[in-house]
Amino acid sequence: MFDRPNFFQDVHEVAKLIPPGRVTSYGAIAKYLGTGRSARMVGWAMNQTLVDPAIPAHRVVNRIGVLTGKGHFHPSSAMQERLESEGVKVIKDQIQDFDKHFWDPMIELG
DNA sequence: CTAATGACTCGAT
DNA sequence: AATCGAGCCATTA
């Protein structure tokens, strides 16, 4: 158990801290953790969160607000559905007013 | 053990 | 302004 690096745990914690109706990017989380450009690992960590419904992975998108990870959801459309359900408009897998809904852990948390 | 891939991002051309 | 390449760390083959 917990063989995974603390990095994954931190990503999970930050992901849980994302408030409803807000979104963030992999790089933002990676930066907050200090890993910097290891945004890929954040995405990988999110993949592990799929088993944990308490982690809103649908609130995490790439830097331009595109639902790059929608294909990893059970119904690939669930990601967009949930985001819109929280008041986030998503068109063509792209979040509208991304900068407006953007939630930066560095600013909000730290 | 080496090589390749991935829910990404930045810098250079 | 748009496109290409390199960097990041962990997992799988």
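Here is the naming used below: chain letters follow the sequence lines, and residue numbers restart at 1 for every chain.
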Practice task
Find the distance A/Gln48:CD to C/dT12:C1' and express it as a whole number of Å.
Solution key: 13 Å

Fill in the blank from the handout: When rounded to whole Å, the CG to P distance for the pair A/Asp52 and B/dA7 reads 20 Å

Problem - ILVMFWY clustering at 4.5 Å (side-chain atoms), partners of A/Ile64 - result: A/Val66

Exercise for the section: Take atom P in B/dA4 and the same atom in C/dA6, then report the distance between them in whole Å. Expected result: 14 Å

Exercise for the section: Can you see which heavy atom on A/Phe7 is nearest to which on A/Met41, and at what distance? Expected result: CE2-CB, 3.5 Å

Pull out every protein N or O sitting under 3.5 Å from an N or O of nucleotides 1-8 of chain C, one pair per line with the distance.
from	atom 1	to	atom 2	distance (Å)
C/dG7	O6	A/Arg40	NH2	2.6

Practice task
Would you please name every residue forming a side-chain hydrogen bond (donor to acceptor under 3.5 Å, both in side chains) with A/Ser38, sequence neighbours left out?
Solution key: A/Thr35

Handout entry: Inter-nucleotide P distance (C/dG5, B/dT5), Å rounded
Key = 15 Å

Exercise for the section: Kindly work out whether a path of hydrophobic side-chain contacts (I/L/V/M/F/W/Y, heavy atoms less than 4.5 Å apart) joins A/Leu33 to A/Ile55. Expected result: yes

Practice task
Would you list the pairs meeting ring-ring contact (aromatic ring centres under 6.0 Å, His included) in which at least one residue belongs to residues 60-94 of chain A, sequence neighbours left out?
Solution key: none

Problem - Selection residues 79-105 of chain A - residue pairs positive for ring-ring contact (aromatic ring centres under 6.0 Å, His included), sequence neighbours left out - result: A/Phe98-A/Phe102

Problem - For DNA chain B, the residues among residues 55-71 of chain A that have a non-hydrogen atom under 4.0 Å from it - result: A/Ala57, A/Asn62, A/Arg63, A/Thr68, A/Gly69

Handout entry: Joint hydrophobic cluster, A/Met79 plus A/Val60, side-chain heavy atoms closer than 4.5 Å
Key = no

Fill in the blank from the handout: In whole angstroms, the gap separating P of C/dA10 from CG of A/Leu33 amounts to 13 Å

Fill in the blank from the handout: Residues of residues 91-110 of chain A with a heavy atom under 4.0 Å from any atom of DNA chain B, listed by number, are none

Practice task
Decide whether A/Leu50 and A/Met46 are clustered together by the hydrophobic rule: side chain heavy atoms of Ile, Leu, Val, Met, Phe, Trp, Tyr closer than 4.5 Å, transitively.
Solution key: no

Problem - Sub-4.0 Å heavy-atom contacts from residues 16-31 of chain A onto DNA chain B, ordered by number - result: A/Ser25, A/Tyr26, A/Gly27

Practice task
Give a yes or no on whether A/Val90 and A/Val61 share a hydrophobic cluster (residues Ile, Leu, Val, Met, Phe, Trp, Tyr; joining criterion: side-chain heavy atoms under 4.5 Å apart).
Solution key: yes

Exercise for the section: Could you tell me which non-hydrogen atom of A/Pro105 sits nearest to which non-hydrogen atom of A/Ala28, and how far apart they are? Expected result: CG-O, 3.8 Å

Fill in the blank from the handout: So side-chain hydrogen bond (donor to acceptor under 3.5 Å, both in side chains) across residues 91-100 of chain A, not counting sequence neighbours, yields A/Lys70-A/Asp93

Fill in the blank from the handout: A/Gln9 CD to C/dA10 P, in whole Å, measures 14 Å

Exercise for the section: Locate the shortest heavy-atom distance separating A/Asn62 from A/Tyr26; write the atom from each residue and the value. Expected result: N-CE1, 3.3 Å

Completion exercise
Residues pairing under side-chain hydrogen bond (donor to acceptor under 3.5 Å, both in side chains) where one sits in residues 75-86 of chain A, two or more places apart or in two chains, turn out to be A/His58-A/Glu86, A/Arg59-A/Glu86

